[in-house]
Structures are given as structure tokens and as C-alpha cells.
Amino acid sequence: MRIHQVNDYREMSQKAASIVSSQVILKKTSVLGLATGSTPEGMYHRLIEMYHEGIADFSQITTFNLDEYLGLSPQHPQSYHYYMNQHFFEHIDIPATNINIPPGKIENSENVCREYDKRIAASGGIDLQVLGIGVNGHIGFNEPDQYLNVGTHVVDLTEETIETNSRFFTSREEVPRQAITKGMGSIMQARRVLLLASGKSKAQAIRDTVNGKVTTRVPASFLQLHPQFILVLDKEAASLL
Ligand code: GLP
């Protein structure tokens, strides 16, 4: 595990963008695992700048997003499809055919999940997986539970996550109750994992992730077992370490 501690959100975003861009510069055909949420917004912003500055070229990368809310169409402003287009994809030169995001409107979830895992495997696997973290230690939408899933699956969101994520919706009732997410196996199989955290609200989850026992009650704690686990934390997120 390698921890980069920086001062604030801006520095976290810059450091994260430099790790992602180095990956893409070293391997133009990199397969990236991407995350949503407020945490990586600054990183995407900096990556777009790097693209305009001619530092980063995304024309040959392939991406697999972590998760999506169930029931939201790609046009819904709170869907992760919409987020990714708005914050990253529509500003860079990635071909649309290289973008993979779990679908939010599905009929046969078994098939859709197996298909997503197969596509990741067929791409050669994830070179660098970017992650944020939930206040309860969830990654993607792998929520604290007695058991965790290995592959892509449908999950019931915890009350805590519904509450936390309701800030993006006009009311708590509007927050979808289920999501589709890559499983812990898909995340752990990435060659490198980059977790970003900013702010006091993440401090306890970061402490449990870095220093706690490996437990399904804190899904991110499994990353202690990953041989190439990088954390970029601002002062507040690192304050309980
Ligand atoms: C959501 C996403 C996660 C994200 C987490 C933290 O529930 N499914 O992928 O890491 O929330 O979000 P934020 O970065 O907004 O704090």
C-alpha cells in the first residue's frame, strides 16, 4: 500500500490525474476502471486540461465504469452515464465504442452482469481502477454486508448510502433503492487500484480501510490485500491515520 497525503482537494485531484495520465502515456491502450461521485470530479477536470494541453491522449483507451443506479436512463441527470459524459467523455477523444458502463435499465440482471464481467476479461483486464469511498467503507456499490459478491451484481443500497446520496436528488424518495456494481473480485483483479478520498466525512472509513481488520463490514478493507494499492488522501481524510 502506498499513501500519498496532500493538503487539499485540489492537490488530490492533481495527483490522481497525474497517476492516471502516466498510466495512459506509458500504455496508450490502457484499460481504465472509472468511478463517479463528487470525489473524482476534480481529477476528470484536470485530465481534460491535460488532453487539451496535448499531455494525454485517450483515443486508444478502454473504460469500464464501476456502477450505475438501477432504474435510471442514461439521460437522467443523476445517472452515472450522464455524469461520465458530462464530466469526462464528451470532452476527450475516447471512441464511444470503448466506453463501458453497467446499464441502469435491465431486464435479465444475471445475463447483463455476466456479460459485463466477460467484456472486462475480453479487454485483457483493468490496468488501473480508480475508486472513491463511501462513508460506510463501500467501494463502487459493494455495501457492508455479511458476504460480498465476487462479480458484477445487483445490490440493495443501505439506508446510509441512500441518505448520503440523496444530496444529489431533489428528495430522498427519488434515490434509487438498487444499483448494479462491479464486484469485489472485479476490483481486486485490477493490476493497480487508486483510491481517492477528501474531507473529514471520509476519515473514519479511511482509517478502517488502512488500519482496520479485513472485513466484509468495510468492503474497502480488502484493498489491504492488493499488491498495488495507492491512496491519495487530503489532510482531512487522513486525519485519523
Ligand atoms: C457512491 C458511488 C461510489 C462513490 C461514493 C462516494 O455511492 N457508488 O462509487 O465512491 O458514492 O461518493 P462521493 O465521492 O460523492 O463522496
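Order of appearance sets the numbers: ligands from 1, and atoms from 1 within every ligand.
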* To do: If the plane angle is over 60° it's perpendicular, under 30° parallel, otherwise tilted; pick one for Y80 and Y83.
  => perpendicular
* F58-F88 aromatic ring centre distance below 6.0 Å -> yes
* Ring centers of Y69, F169 separated by less than 6.0 Å -> yes
* **Ligand-residue contact atoms, ligand 1 with F141, heavy atoms, under 4.0 Å** => 7 (O), 8 (N)
* Output the list of atoms in ligand 1 that are nearer than 4.0 Å to some heavy atom of G132, sorted by atom number. => 10 (O)
* Asked: Do other residues, nucleotides or ligands put more than 12 heavy atoms under 6.0 Å from the NE2 atom of H45?
  -> no
* Look at atom NZ of K27 and say whether more than 12 heavy atoms of other residues, nucleotides or ligands are closer to it than 6.0 Å. => yes
For ligand 1, note which part of [X] has a heavy atom under 4.0 Å away: side chain, backbone, both or neither.
X    : answer
Y80  : side chain
I133 : backbone
S38  : both

* Asked: Mind checking whether G140 has an N or O less than 3.5 Å away from an N or O of ligand 1?
  -> yes
* Could you tell me whether a side-chain N or O of N65 sits under 3.5 Å from a main-chain N or O of D67, the two making a donor and an acceptor? => no
Starting from [atom], find the nearest protein heavy-atom neighbour and note its residue, name and distance.
atom                    : result
atom 5 (C) of ligand 1  : H138 NE2, 3.6 Å
atom 12 (O) of ligand 1 : G37 CA, 4.1 Å
atom 4 (C) of ligand 1  : T36 O, 4.2 Å
atom 16 (O) of ligand 1 : K202 NZ, 2.6 Å

* Taking atom types as modelled and ignoring hydrogens, do the side chains of N85 and E90 form a donor-acceptor contact shorter than 3.5 angstrom? -> no
* Asked: Any side-chain donor-acceptor pair under 3.5 Å between T216 and D145?
  -> no
* For atom 9 (O) of ligand 1, which candidate among D67, L195, T39 provides the closest heavy atom? -> D67
* Asked: Does R167 come within less than 4.0 Å of ligand 1, judged by its heavy atoms?
  -> yes
